[in-house]
2 protein chains.
Amino acid sequence: MENKYEGLKLRNQLCFPLYSVSNLIIRRYKPLLDKLNLTYTQYITMMVLWERESISEKELSSALFLKSNTLTPLLRKLVNKGYIHIDKNIYDERSIVISLTERGRQLKDEAVCVPASMASAINLSAEEAVYLYNILYKILEVKSRKKY
Amino acid sequence: MENKYEGLKLRNQLCFPLYSVSNLIIRRYKPLLDKLNLTYTQYITMMVLWERESISEKELSSALFLKSNTLTPLLRKLVNKGYIHIDKNIYDERSIVISLTERGRQLKDEAVCVPASMASAINLSAEEAVYLYNILYKILEVKSRKKY
DNA sequence: AGGAAATATATCGTGTGCGATATAATTTAG
DNA sequence: CTAAATTATATCGCACACGATATATTTCCT
């Protein structure tokens with residue numbers, strides 16, 4: 001017979017290790033990203049731009065699962081650092097066009113070594129990493145289906 | 001031959017879905033925890049106390065992988081809400097003793113339904129949940145071995 | 001015993017994340 | 001064809017997380 005409080009024990013939670021691992025990995029990134037003058041969230045934003053060159057805030061929002069209340073101040077910081085431009089979209093003045101500066105483009109080469117450094121800090125087998133990856137995206141997909 | 005930028009693509013990152021899933025689940029908790037007047041971090045703190053009744057900040061810190069700069073203000077909020085007491089440890093005046101108030105103890109019964117509600121929001125099979133759980137703790141253990 | 005090192009907690013400043021709401025531009029419906 | 005609904009972004013207030021540092025107490029070493 002289970003104690004009715006069994007579900008409330010910290011060691012029976014799935015969210016807690018998810019949250020802790022996420023915090024842990026971002027802490028591990030910090031010394032690497034400091035060299036690029038980027039925070040973790042700024043780094044994933046730059047990753048999107050290194051693939052796309054130019055994007056609206058709405059598209060960035062759905063790529064990163066973050067909303068304007070997080071992105072707007074973050075983008076302003078990236079402008080201040082000289083990594084991106086922000087312009088109005090000529091065809092829809094509600095919308096903005098985010099694009100890389102030359103400096104932002106250069107930064108990609110300085111960032112090339114970051115993923116490998118991080119992989120060695122996590123220390124999972126390739127098989128475990130793939131399984132983890134798939135399960136995490138499975139959770140994220142439920143999210144998008146439910147229109148969150 | 002792989003593009004040297006392959007590792008920099010967002011879809012090749014493991015950290016990004018970890019971070020996004022962690023944010024997502026905490027967002028899902030919010031409406032449930034609002035009813036208890038708790039944030040997610042306050043909730044996991046209360047979980048520790050529901051199991052232990054009394055703990056030092058140092059022990060809490062190592063249970064939650066959070067440091068005093070996060071915990072000190074958070075504990076103050078829980079005091080203001082009437083859920084915990086904070087007293088000096090008589091035997092070591094550097095240290096504090098965190099304990100539940102009667103109201104804090106009652107809250108445990110109001111929280112009993114939260115874990116089941118959350119489990120249904122995540123939507124993994126039991127097998128996937130166990131695998132995910134083990135892999136996450138594997139990552140956290142490396143962390144503690146490395147004395148982070 | 002007494003000064004130095006270690007330990008426990010607190011404080012500071014920065015940058016997220018979030019729900020709620022505001023504003024401005026565009027689209028839609030009657 | 002215009003008023004209402006929708007959309008894209010911005011702003012506000014709150015609560016984390018974090019590294020760095022400060023303070024107070026205890027322990028350790030000689």
Side-chain angles (χ1 to χ4, degrees), chain A residues 16 19-35 37-45 55-81 86-98 143 147-148, chain B residues 16 19-35 37-45 55-81 86-98 143 147-148:
Chain A
F16 171 65
Y19 157 85
S20 299
V21 167
S22 171
N23 288 343
L24 168 65
I25 296 184
I26 290 173
R27 272 196 307 274
R28 291 275 176 85
Y29 264 110
K30 188 168 191 310
L32 299 173
L33 296 182
D34 279 351
K35 292 174 194 162
N37 190 24
L38 290 175
T39 64
Y40 179 71
T41 317
Q42 291 165 13
Y43 172 63
I44 59 178
T45 301
I55 195 171
S56 71
E57 185 173 320
K58 177 183 161 58
E59 291 167 311
L60 188 61
S61 170
S62 82
L64 298 180
F65 308 111
L66 293 170
K67 303 234 186 75
S68 69
N69 47 11
T70 299
L71 290 175
T72 300
L74 181 146
L75 292 172
R76 200 167 294 143
K77 273 162 206 145
L78 288 175
V79 171
N80 292 340
K81 291 179 189 192
I86 295 182
D87 302 289
K88 288 251 170 201
N89 181 332
I90 312 168
Y91 306 105
D92 183 344
E93 295 246 323
R94 290 171 303 182
S95 169
I96 62 174
V97 178
I98 303 154
K143 171 199 156 293
K147 288 261 184 195
Y148 263 78
Chain B
F16 171 65
Y19 156 87
S20 300
V21 167
S22 172
N23 288 343
L24 168 65
I25 296 185
I26 290 173
R27 270 196 308 274
R28 290 276 175 86
Y29 264 110
K30 188 168 192 309
L32 300 173
L33 296 181
D34 278 351
K35 293 175 192 159
N37 189 23
L38 290 175
T39 64
Y40 179 72
T41 318
Q42 291 166 13
Y43 172 63
I44 60 179
T45 301
I55 195 171
S56 71
E57 185 172 320
K58 178 183 162 57
E59 291 167 310
L60 188 60
S61 169
S62 81
L64 298 181
F65 309 110
L66 294 170
K67 303 236 186 70
S68 69
N69 47 10
T70 299
L71 289 175
T72 300
L74 182 146
L75 292 171
R76 200 166 294 143
K77 274 163 207 147
L78 288 174
V79 170
N80 292 339
K81 292 179 188 193
I86 295 181
D87 302 290
K88 287 250 168 200
N89 180 335
I90 311 169
Y91 306 106
D92 184 342
E93 296 246 323
R94 288 171 305 182
S95 169
I96 62 174
V97 178
I98 303 154
K143 170 199 157 292
K147 288 261 184 196
Y148 263 80

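Just so it is clear: chains get the letters A, B, ... in the order the sequence lines come, proteins before strands, and each one is counted from 1. Below, each value reflects all heavy atoms present in this structure, side chains not excepted, and no hydrogens, waters or symmetry copies. On a predicted model such as this, the values are computed, not experimentally measured, just so you know.
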Choose from D:dT25, D:dT7, C:dA10 the nucleotide whose nearest atom is closest to any side-chain atom of B:E93.
->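 Nearest to the side-chain atoms of B:E93, counting from C-beta on, is D:dT25.
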Give the nucleotide from the list C:dG15, D:dC16, D:dT9 with an atom nearest to the side chain of B:K77.
->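 My answer, after comparing the listed nucleotides, is D:dC16.
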With respect to the phosphate group of [N], does any side-chain polar atom (N or O) of [X] fall under 4.0 Å of OP1 or OP2?
X	N	result
A:K30	D:dA17	no
B:K67	D:dG19	yes
B:Y19	C:dG17	yes
A:T72	D:dA10	yes
A:T41	C:dG17	yes
B:R76	C:dT11	yes
B:S95	C:dT9	yes
A:T39	C:dT16	yes
A:K58	D:dT9	no

Over all strands shown, is [X] touching base, sugar-phosphate only, or nothing at heavy-atom distances under 4.0 angstrom?
X	answer
B:L66	sugar-phosphate
A:N69	base
B:L74	sugar-phosphate

Less than 3.5 Å between a donor and an acceptor, one on the side chain of A:S68 and one on the base of D:dA10, is that the case here?
->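 Side chain to base: pair found, below 3.5 Å.
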Report yes if a donor N or O on one partner sits less than 3.5 Å from an acceptor N or O on the other, where the partners are the side chain of B:R94 and the base of C:dT7; otherwise report no.
->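 Present.
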